Amino acid sequence: MGNVIALDGILGLGELKTAVDAPQSAASGCSSSSCGSSDGPADMAPDVWEKVKNHPCYSEEAHHYFARMHVAVAPACNIQCNYCNRKYDCSNESRPGVVSEKLTPDQALRKVLAVAQEIPQLSVIGIAGPGDSLAAGGKNSFATFEALAKHAPDLKLCISTNGLALPDHVERLKNYNVDHVTITINMVDPEVGERIYPWIFYDHRRWTGRDAAKILHERQMLGLEMLTSAGILAKINSVMIPGINDEHLKDVNKAVKSRGAFLHNIMPLISDPAHGTHFGLTGQRGPTAQELKLLQDECEGGAKLMRHCRQCRADAVGLLGEDRGAEFTTEKIEALELKFDDSVRREYREHVESERAERHRSKAAAQAEVQEVVGDDVAPILIAVATKGGERINEHFGHAKEFQIYEVGVHGAKFVGHRRVEEYCEGGEGNDDALDVVLAAINDCAAVFVAKIGGCPKKSLEAAGIEPVDRFAFEYIEESALTYFKDYAERLAQGTATSRSGHDAVIRPAMRA
């Protein structure tokens, strides 16, 4: 087969590895996850599967293997949200609307070519800000798409918008082969909306209050319906704001499903006075991890849910959960000699494709074994996983900047979210303050899976009732989680383990590395 990109540790540029070194998977079947974005080829039409299988934001499975890139070419915005403060030249915050550099379409093209040359996992180029991608007629966005279609045709194109201008541009998006559009929809009731949006700018004038929310709602619904009719996949982002739209988002879920949305992504409000947003300055809190998960669980059965979102910067680069944007500043790119070559990316994608078939069989076999020996009366548990990607447990506890959270039970292992943390190890020494952050972030988990862990954090985890597990180092996450759950159920029956329920955890916004 020749050289292929290793999947057991997707580290930055991607390591080359021979096929004989790649670990082998076992057994038979299809995906065990019931999360909508984890659906596989058996769960959707072939043309839809082709659109989503390598898109890390539209497929939970793909986010383990593929990277995205946002180009910040859209500086203007046509609405104001109480949770948003668009910041330019900001290098240390990691949240939507924030960028270090605004780009022209020509600069964006050169940056894409540079990143594609260095990151074989790159599969998607998106425009997500720092303003709205379709404000001001979407001039910069469409100029960027035109250049990318010509010079980097193998990369998927997608766009994020608040939806106010969307109905005016659906046909043009289709003409540019943009087949993924994300709309931020936080309400379907203008009475709720007026508490989120102070104003919008539409039809050459500024609107405020309930009138503004009503116009925005109508335009969002029309745009979504038009995307569905055009065969463009729509993902809906919703910000969960406790006391304002948390219960209302169940109605949003139903409304977007009825209009053909492919996915619904319910995200926690990021609220910090330092960010300068209205909600941050007025003390509006964000949800806890338990509140967010409960709402997501209550929406199951409606529009399919996405749970692996990282609420990325508008100039994010790399796998979800990492941001390598600082490596690709305009100054650094200008010094590079660029030559577009998609052969390494093609080879990587071919290897992922062959890996997928084995992965689906292996997960199903592990799930079948659990269902055979564990009774339905054993409640699911949450586990935290330290991973660099590739669906493997391949990160040292002390080096983890986030933990991926899986719900494991009789019916399978399901990715349900992630928790950002500070690195525990600094220069080889443990940081007690960072350990407290980790403990707060995974406090609702029964266990934490790591490739390796030191004695001190191990003792602290055990004292907190969280079992540190390193016996599955470099193995696949879901199969390992199911094996652990089977052992856990046996220990529970013997009285040597206790259930861990009723605990909550803290959602922490990321700081850019």
Side-chain angles (χ1 to χ4, degrees), residues 9-12 90-95 98 268-275 280 285-290 292-293 308-313 316 318-327 382-389 392-406 415-470 472-474 477 500 503-513:
I10 302 181
L11 306 173
C90 182
S91 61
N92 66 341
E93 290 182 21
S94 185
R95 60 185 177 87
V98 174
L269 171 70
I270 298 175
S271 183
D272 186 327
H275 296 157
R285 72 174 181 90
T288 67
Q290 195 171 56
L292 177 64
K293 184 179 183 299
H308 61 278
C309 177
R310 300 307 198 275
Q311 294 178 276
C312 305
R313 291 167 57 100
L319 296 166
L320 298 193
E322 74 171 3
D323 185 0
R324 298 178 57 189
E327 299 175 32
L382 297 181
I383 63 165
V385 181
T387 177
K388 297 174 184 175
R392 292 182 183 273
I393 305 157
N394 53 13
E395 180 67 282
H396 191 295
F397 175 85
H399 299 157
K401 295 180 181 178
E402 73 163 29
F403 289 90
Q404 295 189 2
I405 309 299
Y406 284 76
F415 182 95
V416 297
H418 68 282
R419 310 282 171 75
R420 291 163 171 146
V421 297
E422 297 176 8
E423 284 187 75
Y424 168 68
C425 285
E426 293 183 351
E429 298 292 329
N431 182 330
D432 290 340
D433 290 339
L435 183 57
D436 290 341
V437 170
V438 174
L439 292 173
I442 64 172
N443 190 47
D444 53 347
C445 296
V448 56
F449 286 18
V450 297
K452 192 175 181 180
I453 186 170
C456 289
K458 192 171 185 177
K459 290 178 181 177
S460 296
L461 286 163
E462 290 171 341
I466 303 169
E467 183 179 1
V469 179
D470 58 8
F472 300 114
F474 302 100
I477 295 170
R500 184 173 176 81
H503 296 268
D504 203 353
V506 176
I507 296 176
R508 179 177 181 270
M511 297 300 288
R512 193 179 191 183

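Predicted, not measured: the structure shown is a model, and the values here were computed from it.
- Note that the CD1 atom of Ile393 and the CZ atom of Phe474 stand 10.0 Å from one another [nearest 0.5 Å].
- Within the structure, the ring-ring contact (aromatic ring centres under 6.0 Å, His included) test picks out no pair touching residues 425-447 (sequence neighbours left out).
- When all heavy atoms are compared, the tightest approach of Ala386 to Ala400 is CB-CB, 4.2 Å.
- Using a 4.5 Å heavy-atom threshold, the side chains of Val421 and Ile442 count as separate.
- Partners of His399 by ring pair (Phe, Tyr, Trp, His ring centres under 6.0 Å), not counting sequence neighbours, listed by chain and number: His396.
- Note that CG of Leu435 and SG of Cys425 are 10.0 Å apart. Values are rounded to the nearest 0.5 Å.
- Within the model, atoms CG of Asp432 and SG of Cys456 stand 8.0 Å from one another, a figure rounded to the nearest 0.5 Å.
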Show me the donor-acceptor pairs, under 3.5 Å and distance only, between side chains in residues 444-451 and residues at least two apart or in other chains.
{"unit_1": "Asp444", "atom_1": "OD1", "unit_2": "Arg419", "atom_2": "NH1", "d": "2.9"}
{"unit_1": "Asp444", "atom_1": "OD2", "unit_2": "Arg419", "atom_2": "NH2", "d": "3.0"}

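- Between the CG atom of Asp436 and the CD atom of Glu422 there is a distance of 10.0 Å, given to the nearest 0.5 Å.
- Nearest heavy atoms, Pro273 versus Gly280: CG-O, 3.5 Å.
- In this structure, the side chain to side chain donor-acceptor pair (under 3.5 Å) partners of Asn431, at least two apart in sequence or on a different chain, are Glu426.
- Using modelled atom types, no side-chain atom of Asn443 and backbone atom of His503 make a donor-acceptor pair closer than 3.5 Å.
- Here the CD atom belonging to Gln404 is positioned 10.5 Å from the CD1 atom belonging to Ile383, to the nearest 0.5 angstrom.
- Residues satisfying the side chain to side chain donor-acceptor pair (under 3.5 Å) criterion with Asp470, sequence neighbours excluded, are absent altogether.
- Remark: Tyr424 pairs with no residue by the side chain to side chain donor-acceptor pair (under 3.5 Å) rule, at least two apart or across chains.
- Side-chain contact check for Phe397 versus Val438: some heavy-atom pair is nearer than 4.5 Å.
- Closest non-hydrogen pair, Thr387 versus Arg392, comes out as OG1-O, 2.6 Å.
- For Lys458, the side chain to side chain contact (heavy atoms under 4.5 Å, CB included) partners are Ile453, Glu462, Pro468, not counting sequence neighbours.
- Of all heavy-atom pairs spanning Pro287 and Leu269, the tightest one is CD-N, 3.6 Å.
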